[in-house]
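Please read the structure below before turning to the comments.
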There are 2 protein chains.
Amino acid sequence: MNNKRVTSFDVAELAGVSRSTVSFVYSEDKQSRIRPETRQRVREAAEKLGYYPNASARALASNQSNTIGLIMTRSPRYIASDNFLPQIIGGLLDIVKQEQLGLLIEWVEPGQQMQTYLQLSHAKHIDGMIILTPRFDDPGLNALEQLGIPCVLMGQIPGCNLPYVDIDNRSSAKLAVDYLIELGHHQIACITNAATAYSSASQRLEGYRDALKAADIALDESLIRIADFDAASGYTQMKDLLTEYPRFSAIFVASDNVALGALAAIHEAGLSVPEDISLVGFDDIPEAAFYYPKLTTVHTPAKEIAEESCYLLMQLLKGETPFSRTINIPTQLIIRDSTRMIERSHITTY
Amino acid sequence: MNNKRVTSFDVAELAGVSRSTVSFVYSEDKQSRIRPETRQRVREAAEKLGYYPNASARALASNQSNTIGLIMTRSPRYIASDNFLPQIIGGLLDIVKQEQLGLLIEWVEPGQQMQTYLQLSHAKHIDGMIILTPRFDDPGLNALEQLGIPCVLMGQIPGCNLPYVDIDNRSSAKLAVDYLIELGHHQIACITNAATAYSSASQRLEGYRDALKAADIALDESLIRIADFDAASGYTQMKDLLTEYPRFSAIFVASDNVALGALAAIHEAGLSVPEDISLVGFDDIPEAAFYYPKLTTVHTPAKEIAEESCYLLMQLLKGETPFSRTINIPTQLIIRDSTRMIERSHITTY
DNA sequence: AGAGATTATTAACACGCGTTAAACTACAAT
DNA sequence: ATTGTAGTTTAACGCGTGTTAATAATCTCT
C-alpha cells in the first residue's frame with residue numbers, strides 16, 4: 001500500500017464540489033437533488049481516483065450495515081455434510097447481490113444462543129438475520145421476539161411469533177407416507193432427519209404418525225429411528241433397524257442426505273430398493289435424482305424458501321409491514337424409482 | 001425498540017470511569033493497563049446495561065473489520081449443487097468463531113472480477129479474502145497481487161504469485177489413473193470436474209494425461225468430456241460418452257459430485273460398476289462412501305484446506321510474514337468398491 | 001428587471017469507538 | 001516535605017460518511 005486511502009473529500013476536491021454533494025451522488029434515493037452534469041463530474045472524479053465508499057463509515061453514519069446474517073443452529077461438523085445448505089446459500093447469494101447486500105454466515109452453539117443473537121443484532125454488524133432450522137429449545141428466540149429485532153426463521157416453531165418461511169413439514173411427510181400406504185405397505189419404518197429438538201424433524205415425524213393413524217395402522221415405536229443430518233447417521237440407523245427389527249417393507253426417511261446412508265445400509269445387507277424395501281426421502285436435493293435408485297422424495301423448493309426469507313427480511317428492515325409474516329411454500333411428492341407396490345410375499349398377517 | 005442504544009459512554013458513566021477506560025477494557029491486548037477492580041466494575045456496568053460494542057464504529061476507528069470474505073467464482077446456480085462447499089464453509093466457520101472473526105460470503109460474476117475485488121477490499125467491509133476455485137482467465141487476480149491486498153487462493157494459478165493453499169491436483173489425478181492402469185485398464189475415459197478455465201479442472205486433466213503417457217497409452221481425445229460441477233452435468237456427459245464412444249473399461253471422473261451423475265447414467269445404460277466399468281472419483285466428499293457402489297476416490301482434506309487458508313490469511317492480516325506463502329495439502333487415494341481388475345473379456349486388442 | 005419560487009449546494013454536526021499524549025494518583029526513596 | 005517513578009486514568013482528536021438546516025444559484029412569471 002503506497003498511497004493513502006481515497007475519501008469522499010478527495011473526490012469532492014477533484015470534482016470541485018463539496019463532500020456532501022459526493023455523498024448525495026452515492027445515495028441513490030435522492031439523486032434528483034443533484035444536477036446530472038454535477039453527478040457526472042463526481043462519478044468521473046471517483047473513477048479517476050479509484051474511490052470506493054468506506055463501508056464501516058457508512059454503516060456508522062447511517063446506522064445500517066446493508067448486511068444480513070444467515071445463522072445456523074448446528075455445529076460446523078454437521079454443516080459440512082449438509083447438501084441442502086448450498087441451495088439455501090445459493091438462493092440467498094442471488095438475491096443479496098441484486099439488492100447490494102452483504103451476507104454474513106454464523107453459527108450458534110447450543111446454550112449460547114441468547115448471547116449470540118443479542119451480540120449480532122446490537123453490534124450492528126448485520127441489520128437483520130435469517131435463522132436456519134430453528135430449535136424448540138432455543139431460549140434466544142424469545143429475546144429476539146421481545147426486542148423486535150428484524151429476523152426471519154427458516155422453519156416454524158409453534159408458539160413463537162417470529163416471522164417465518166417454511167414448508168408444511170407435517171402434511172408433506174404425511175403425503176409421503178400416504179403414498180407408501182397407497183402402494184400397499186403396512187409396515188413402514190421411519191428415520192428422522194435430525195434430533196426432534198429441530199422443529200422440522202418433529203413435524204415430519206408427526207406427519208408420519210398422522211398417516212399411519214389415518215390408515216388405521218398401529219404405530220410401532222421400534223420402527224422409528226433418529227438420525228443426525230448426514231448420510232453416516234442414516235447408515236447407522238438403518239443398519240440398526242435392519243438387524244434389530246427387519247420386519248418392514250417400506251421406510252420414510254425424512255431427509256435425502258440421511259436416505260443416502262440408509263440406501264447404503266440396505267444394499268450392504270444384500271437387499272434392494274424398491275424390490276425388498278420401498279423408500280421415500282425428503283427435500284429432493286439436486287442429487288436425489290441421481291441416487292441409486294433414483295429417489296422418490298418430497299420436493300422442497302429450497303431456492304424459493306431462500307428467496308422468500310430474504311424478501312421478507314428486507315421488508316422488515318425497511319420497516320414495511322409485510323403482507324404476511326408467515327409464508328408457507330408448497331411441496332410436491334416426486335415419484336421416482338425407490339418405491340413400488342408391495343410384493344405379495346411381503347405381506348405379513350397379524 | 002423503546003430505549004436508545006447503549007454506548008460506551010453510558011457504561012463509563014455507570015462505572016464511574018471515562019470512555020477511554022471502557023475502550024481499553026474491551027481491547028484485550030492492553031488489559032494490563034487497567035486495574036483489575038476497575039475492569040470488573042466496567043464489565044458489570046456493561047452487563048447491567050446490555051452493552052455491545054458497535055462493530056461499525058470499531059471498524060471505522062481501528063481500520064479493521066475483523067471479518068474475512070469467502071469469494072466464490074461461479075454463479076449461485078452452480079453453488080447450489082456443490083457438495084464440496086459445505087465442508088469448506090464448515091471448516092472456515094470453525095476457525096472464524098474461535099478467532100472472533102466474521103465470515104462474509106460473496107460471488108463474482110465473470111467479467112466483473114476486477115471491480116468486485118477492488119470494491120470488497122477498499123470498502124473495508126472485509127479485511128482480507130479467500131478466493132475459492134480461482135480461474136485462469138481472472139484479470140482481477142493481477143490487481144489483487146499488485147495492490148498487495150490480503151488474499152489467499154484456494155487453488156493455484158500458475159504464474160500468479162498470490163499466496164495459496166491447494167492440493168497437488170495434477171499428481172493426485174495421476175495417482176487415481178495410475179491405479180486404474182495398475183488394475184489392467186487401458187481404455188480409460190475422463191470427465192472433468194468443471195470447465196478448464198478453472199485451474200483444478202485443467203490440472204486434474206493434465207494428471208490424467210500424465211498417467212496415460214507414463215504407461216504408454218495413446219491419448220484418445222474423444223474419451224474426454226467436460227462437466228460442470230454438478231451431478232446433472234456428469235449424467236449428461238456420461239450418457240453422451242456411452243452412446244458416442246462406448247469402448248472403455250474405466251473412467252476417471254474428477255469430482256465426486258459429477259461422478260454421482262455419471263454412475264446414474266451407467267446404471268441407466270444397464271451397465272454396472274465396477275463389473276463393466278471401473279470408476280474413480282475425486283474429492284472424497286462425505287457422501288462418496290455411501291454412493292452405490294461406494295466410491296474409490298481421491299481424498300481431499302477439505303477441512304484442512306479451509307483451516308490452512310484461514311490461518312494463512314490471518315497471518316497476512318497481522319502483517320506477519322508466513323513461513324510459507326504456498327501450502328500444499330497431501331491427498332490420498334481411497335479404494336472402495338467402484339474399481340476392480342479388468343475382466344479378460346474387456347481387453348480389446350489393437 | 002425584480003420578487004418569489006424552486007432547485008442545487010454547502011457548512012456543520014453526529015455516528016461510536018480507538019488511541020496518543022498528557023494528567024493524575026499513589027507510593028517509595030531521598 | 002520533596003522528588004521521582006511506575007501505574008492508572010482521561011481529554012481530545014480522528015476515522016469517513018450521512019443528513020439536516022441554511023445558503024446560494026437558477027428559474028418563472030408579471
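All chains are named by letter (A, B, ...) in the order of the sequence lines, taking the proteins before the strands, and each is independently numbered beginning at 1.
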For DNA chain D, determine which residues of residues 56-65 of chain A have any heavy atom closer than 4.0 angstrom to one of its atoms, and list them numerically. A/A57, A/R58, A/A61, A/S62
Contacts of B/E37 that satisfy salt bridge (Lys or Arg N to Asp or Glu O under 4.0 Å) - sequence neighbours left out: B/R35
With sequence neighbours left out, the residues meeting side-chain contact (heavy atoms from CB on, under 4.5 Å) with B/A61 are none
The criterion is side-chain contact (heavy atoms from CB on, under 4.5 Å); which residues satisfy it with B/T326, sequence neighbours excluded? B/Y164, B/S324
Where the side chain of A/T21 meets the backbone of A/V17, is there a donor-acceptor pair that is under 3.5 Å apart? no
State which residues pass salt bridge (Lys or Arg N to Asp or Glu O under 4.0 Å) with A/K303; sequence neighbours excluded, sorted by chain then number. A/D94, A/E307
Is a donor-acceptor contact shorter than 3.5 angstrom present between the side chain of A/T38 and the base of C/dA8? no
Are more than 12 heavy atoms from other residues, nucleotides or ligands located less than 6.0 Å from atom CD of A/E320? yes
Atom pairs, protein N/O to nucleotides 21-26 of chain D N/O, distance under 3.5 Å:
none

To the nearest 10 degrees, what angle separates the axes at the start and end of the helix from C/dA1-D/dT30 to C/dT30-D/dA1, five pairs each? 50°
Those residues that, when tested against B/R325, pass salt bridge (Lys or Arg N to Asp or Glu O under 4.0 Å) (two or more places apart): none
By side-chain contact (heavy atoms from CB on, under 4.5 Å), A/E304 pairs with (sequence neighbours left out) A/P301, A/I329
What residues in residues 6-19 of chain A put a non-hydrogen atom under 4.0 Å from any atom of DNA chain D? A/T7, A/S8, A/R19
Atom pairs and distances, donor-acceptor, side-chain atoms in residues 127-138 of chain B, under 3.5 Å, two or more places apart:
unit_1: B/D127; atom_1: OD1; unit_2: B/S65; atom_2: N; d: 2.7
unit_1: B/D127; atom_1: OD1; unit_2: B/S65; atom_2: OG; d: 3.1
unit_1: B/D127; atom_1: OD2; unit_2: B/S65; atom_2: N; d: 3.3
unit_1: B/D127; atom_1: OD2; unit_2: B/N66; atom_2: N; d: 2.7
unit_1: B/T133; atom_1: OG1; unit_2: B/T73; atom_2: OG1; d: 3.3
unit_1: B/T133; atom_1: OG1; unit_2: B/R74; atom_2: NH1; d: 3.1
unit_1: B/R135; atom_1: NE; unit_2: B/D137; atom_2: OD1; d: 2.9
unit_1: B/R135; atom_1: NH1; unit_2: B/Y198; atom_2: OH; d: 3.2
unit_1: B/R135; atom_1: NH2; unit_2: B/D137; atom_2: OD2; d: 2.9
unit_1: B/D138; atom_1: OD1; unit_2: B/G140; atom_2: N; d: 2.8
unit_1: B/D138; atom_1: OD2; unit_2: B/Y117; atom_2: OH; d: 2.7

Name all pairs fulfilling the ring pair (Phe, Tyr, Trp, His ring centres under 6.0 Å) condition that reach into residues 36-65 of chain B, sequence neighbours left out, sorted by first residue then second. A/H122-B/Y52, B/Y26-B/Y51
